[in-house]
**Student:** 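Before we start, here is the structure in question, set down as structure tokens.
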Amino acid sequence: MNERIEIRWHGRGGQGAKTASLLLADVAFSQGLYVQGFPEYGPERMGAPITAYTRLSSNPIRVHSNIYEPDFVAVMDETLIGPVDVTSGLKEDGAIVVNTSKEPAEIAALLKGYKGKIYTVDAASISLATIGRNIPNTPMLAAVVKVSGAMDKEAFFDNMRNSFSHKFASKPEVVDGNMKALKMSMDGVNVYER
Amino acid sequence: MSIRERFSGNEAVSIAIKQINPDVMAAFPITPSTEIPQYVSSYVANGEIDTEFVAVESEHSSMSACIGAQAAGARSMTATSSCGLALMWEMLYVAASLRLPITMPVVNRALSGPININNDHSDSMGARDTGWIQMYAENAQEAYDNMIQSVRIGEHKDVLLPVMTCQDGFITSHAVENINILETEKVKAFVGEYKAEKYLLNPEENISMGPYDISAYYMEHKYQQAVSMENAKRVIAEVASEFETLSGRKYDFIEEYKMDDADFAIVIIGSSAGTAKDAVDELRNEGIKAGLVKIRIFRPFPAEEIVKALKNVKVVGIMDKAEGYSNNGGPLGAEVKAALYGNVTGVKAVNFVYGLGGRDVKIESIKTVFEQLLEVDKTGKVPAHYQYLGLRK
């Protein structure tokens with residue numbers, strides 16, 4: 001990976017953007033990286049737009065500001081495109097990953113000014129099919145790991161299995177569903193290049 | 001051997017409290033308090049520590065409960081933030097004047113109003129003259145390390161003062177970062193058992209605490225507090241040195257970053273110091289001799305150390321994350337300038353108020369401060385009062 005990767009997460013309160021930002025930091029920590037995962041706090045509530053951030057680095061991280069020029073942006077909810085300037089400052093050699101059932105070209109039409117790569121994944125459907133609920137953050141996490149190349153795929157799966165097994169110790173059946181969601185998402189990422 | 005971990009600032013401090021295993025933790029369990037009492041209460045509920053957790057109905061009561069417990073002879077802690085600290089005001093003075101070494105993590109957040117939950121230093125800066133020792137952290141690591149050291153500093157027989165260990169609300173309290181923690185047995189050995197010299201539950205010696213102090217003696221007692229604060233300087237240094245042996249991490253009253261040959265410097269407290277170090281590096285790459293002084297200990301105020309660090313700079317920017325409404329800058333600006341007065345000549349100083357109510361501080365924000373310092377050097381003109389950084393026009 002590059003020396004430092006910065007990721008900005010856009011979601012709505014309740015969709016798990018904060019959790020995703022922290023989970024990615026957690027799994028990268030397990031790979032030996034320096035990490036920062038933090039949400040932007042304000043008067044947010046269920047359904048309101050929220051922003052969260054993840055920094056991954058091979059060197060210690062000292063900066064304590066929000067991320068304004070991210071390498072990658074993850075959008076948990078396509079309805080945020082428009083009301084929120086999701087590509088603000090996004091590097092053109094980076095990419096945006098959007099949770100949507102639409103074709104990448106349709107999303108590209110909504111992101112007119114942005115010239116970088118656009119990835120889509122139907123995280124909602126994957127989540128419904130594997131976990132039985134619409135919690136898009138787990139599949140979005142896998143898509144971001146794939147698109148960013150932040151870490152080795154197999155190592156990511158191993159770490160996530162450990163972490164899910166720990167988190168869902170009392171309901172092991174949930175672990176398989178979540179692992180399936182990660183794999184389906186990695187295989188289900190579509191790309192659009194201008 | 002330390003343990004590599006990743007924690008938020010709140011978790012880091014809670015782990016330190018768990019490792020210390022205080023006798024009493026009295027805290028208000030909901031907003032404006034932090035996650036710290038919540039974590040500690042879960043350690044107690046899970047039987048991981050045998051601390052007596054007292055859930056109180058207000059911060060005035062949490063400090064009062066700590067005062068009672070510590071006076072009885074128990075190592076006591078609480079944790080708070082923002083308006084919670086403000087509600088403790090009256091009792092903060094009582095804790096300090098009774099010479100009770102209570103320790104308290106403070107997560108720095110703005111005071112109302114307008115209503116705001118985000119970071120600045122208004123809360124603890126308002127409490128700067130209460131007689132508490134104040135330590136500030138740049139990140140979760142320092143918050144953890146300061147918490148452990150605070151117990152030793154406050155309880156030292158030549159000090160016997162309460163200590164607040166501050167970190168920036170949300171910016172470090174809710175951000176997960178890499179941290180190295182110490183083994184619990186090492187922390188326990190470092191802080192040791194609390195053995196109060198004078199305490200209310202001592203059956204061998206009947207004493208009274210907190211009686212009326214007549215004018216003939218009140219001043220002498222306040223002077224004794226001041227002497228203890230002077231002693232704290234020596235003890236803080238001794239504890240830091242012992243902690244370095246234990247952890248390998250070195251702490252001082254201030255941290256100097258690239259100050260050896262700096263022409264332009266800023267003095268700053270808390271998480272933005274990290275951001276500012278990145279700014280200093282960028283400026284150095286552009287050929288500007290920039291440097292930084294980070295305040296770790298604000299009470300007792302490290303005046304000599306600051307004078308020594310700044311005596312050769314051309315212009316210094318002093319960064320306040322709190323308004324003082326003095327029309328003359330913030331509390332750090334006032335104290336740094338007072339320290340410089342009569343001790344150095346030719347150093348120009350500009351005071352900035354920044355980052356109030358969570359206004360994000362970027363590397364670029366800090367670079368604009370240095371731009372203004374360079375301008376002062378070029379024109380020789382120092383702005384008359386003080387500046388607001390990044391104010392919307």
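Every chain is numbered from 1 and lettered A, B, ... according to where its sequence line falls, protein lines coming before strand lines.
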**Student:** Please enumerate all residues that pass side chain to side chain contact (heavy atoms under 4.5 Å, CB included) together with A/Arg161, with sequence neighbours excluded.
**Tutor:** A/Ser165, A/Val175, A/Asp176, A/Met179

**Student:** Given that the side chain runs from C-beta out, which part of B/Asp281 has a heavy atom under 4.5 Å from chain A: side chain, backbone, both or neither?
**Tutor:** side chain

**Student:** Pick one of side chain, backbone, both or neither for A/Tyr53, based on which atoms fall under 4.5 Å of a heavy atom in chain B.
**Tutor:** neither

**Student:** To the nearest 0.5 Å, what is the distance between CD (B/Glu138) and CZ (A/Arg62)?
**Tutor:** 8.0 Å

**Student:** Would you give the length of the straight line joining atom NE2 of A/His10 to atom OG of A/Ser88, rounded to the nearest 0.5 angstrom?
**Tutor:** 7.5 Å

**Student:** At a heavy-atom separation under 4.5 Å, does B/Thr172 approach chain A through its side chain, its backbone, both, or neither?
**Tutor:** side chain

**Student:** Relative to chain A, which segment of B/Asp278 carries a heavy atom at a distance below 4.5 Å: side chain, backbone, both, or neither?
**Tutor:** both

**Student:** Is the closest basic N to carboxylate O distance between B/Asp120 and B/Arg359 below 4.0 Å?
**Tutor:** no

**Student:** Could you grab the distance from atom CD of A/Glu106 to atom OG1 of A/Thr120, nearest 0.5 Å is fine?
**Tutor:** 9.5 Å

**Student:** Does a sphere of radius 6.0 Å around CG in B/Asn46 hold more than 12 heavy atoms from other residues, nucleotides or ligands, not counting ones at 6.0 Å or beyond?
**Tutor:** yes

**Student:** Given the options B/Arg6, B/Lys277, B/Glu177, which has more heavy-atom pairs under 4.5 Å with chain A than any of the others?
**Tutor:** B/Arg6

**Student:** For chain A, which residues from residues 361-368 of chain B lie under 4.5 Å away (heavy-atom distances)?
**Tutor:** B/Val361, B/Lys362, B/Ile363

**Student:** Kindly compute the distance separating OG1 (A/Thr138) from NZ (A/Lys180), expressed to the nearest 0.5 Å.
**Tutor:** 14.5 Å

**Student:** Of the backbone (N, CA, C, O) and the side chain (C-beta and beyond), which part of B/Ser272 lies under 4.5 Å from a heavy atom of chain A, both, or neither?
**Tutor:** neither

**Student:** To the nearest 0.5 Å, what is the distance between CG on B/Asn139 and CD1 on B/Ile171?
**Tutor:** 12.5 Å

**Student:** Nearest 0.5 angstrom please: B/Leu389 CG to B/Gln372 CD, how far?
**Tutor:** 7.5 Å

